[in-house]
Amino acid sequence: NAGVTQTPKFRILKIGQSMTLQCAQDMNHNYMYWYRQDPGMGLKLIYYSVGAGITDKGEVPNGYNVSRSTTEDFPLRLELAAPSQTSVYFCASSYEATGPNTEAFFGQGTRLTVV
Amino acid sequence: AQSVSQHNHHVILSEAASLELGCNYSYGGTVNLFWYVQYPGQHLQLLLKYFSGDPLVKGIKGFEAEFIKSKFSFNLRKPSVQWSDTAEYFCAVNNAGNMLTFGGGTRLMVKP
């Protein structure tokens, strides 16, 4: 059981470039999330999805876009990379958002540097 | 909006010392509470969770946490830490209608 798989693990972008961070889960979870982790700031929610075809903004959505065409995949798109987007990005999924099955399972993370 | 506070940003302990990490949240209604651990270079893993029932929750690796509703707290404890417990610990909360919200994290270093 692979769980949540993120690619790539590391990436360096130049200012203004674009890229897509891939995320896939094989647990048939309805909910998927993208977080960014900055030192001392914990994890901030960028976007989330409650099911295929449905996405919504989290706490820090500016500069990012997402799509959810299938239950399994939830890619995160950076259109015009900026130094402020240098961070570690985590994708996560859960079966529910509230109740006993709300445990979030995390991917290994993508360390992105924008120079 | 709900918020989560972890007041200890860095904690340094010697092996066998007892650990207590504080976590307070702002939401007054029914909540689900979690502690996650992130070992160096790894992703977040669930230590324990509280959904309902006994407010004293036991997790993996000897960790436990106590939900005190009147204090809006969910502190993490371990009676005797080991060097392998060196990691960053995150408290997280969600409630109906809100996604999982994380605290700022506490970096624990255990000296051998």
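Letters A, B, ... mirror the listed sequences (proteins, then strands); counts begin at 1.
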* Asked: For A:Y95, does the OH atom have more than 12 heavy-atom neighbours from other residues, nucleotides or ligands under 6.0 Å away?
  ->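 Incorrect, the count does not exceed 12.
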
* Asked: If you count the non-hydrogen atoms of other residues, nucleotides and ligands that lie under 6.0 Å from CD1 in A:I12, is the total more than 12?
  ->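 No - once you tally the heavy atoms of other residues, nucleotides and ligands closer than 6.0 Å, there are 12 at most.
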
* Write down the atom of A:Y35, the atom of B:L100, and the distance for their closest heavy-atom approach. =>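 Closest approach of A:Y35 to B:L100, heavy atoms only: OH-O, 3.3 Å.
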
* Asked: Pick from B:L44, B:V4, B:V31: which one has the most heavy-atom pairs with chain A under 4.5 Å?
  ->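 Between B:L44, B:V4, B:V31, the count favours B:L44.
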
* Would you list the pairs meeting salt bridge (charged side-chain N to carboxylate O under 4.0 Å, His left out) in which at least one residue belongs to residues 44-68 of chain A, sequence neighbours left out? =>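 Sorted result for residues 44-68 of chain A: A:K44-A:E59.
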
* Determine which pairs satisfy salt bridge (charged side-chain N to carboxylate O under 4.0 Å, His left out) with at least one residue from residues 99-112 of chain B, sequence neighbours left out, and list them in order. =>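 Residue pairs passing salt bridge (charged side-chain N to carboxylate O under 4.0 Å, His left out), neighbours aside: B:E88-B:R107.
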
* Approximate separation, where rounding is to 0.5 Å, of A:L45 CG and B:T101 OG1 ->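 With rounding to 0.5 Å, CG (A:L45) is 8.0 Å from OG1 (B:T101).
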
* Is any residue of residues 106-115 of chain A within less than 4.5 Å of chain B by heavy atoms, and which ones? ->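 Heavy-atom contacts from residues 106-115 of chain A to chain B are A:F106, A:G107, A:Q108.
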
Determine, using the 4.5 Å side-chain heavy-atom cutoff (strictly less than), whether [X] and [Y] are members of one ILVMFWY cluster.
X	Y	answer
A:L80	A:L21	no
A:V88	A:W34	no
A:F10	A:L78	no

* Asked: Are any of the side-chain heavy atoms of A:Q37 and B:Q38 separated by less than 4.5 Å?
  ->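 Counting from C-beta outward, A:Q37 and B:Q38 do come under 4.5 Å.
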
* Asked: Would you say B:Y36 and A:E103 make side-chain contact, with heavy atoms under 4.5 Å?
  ->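 A side-chain contact under 4.5 Å exists here.
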
* Asked: Using a side-chain heavy atom cutoff under 4.5 Å and only I, L, V, M, F, W and Y, what cluster partners does B:M109 have?
  ->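 Taking Ile, Leu, Val, Met, Phe, Trp and Tyr as members, B:M109 shares its hydrophobic cluster with B:I12.
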
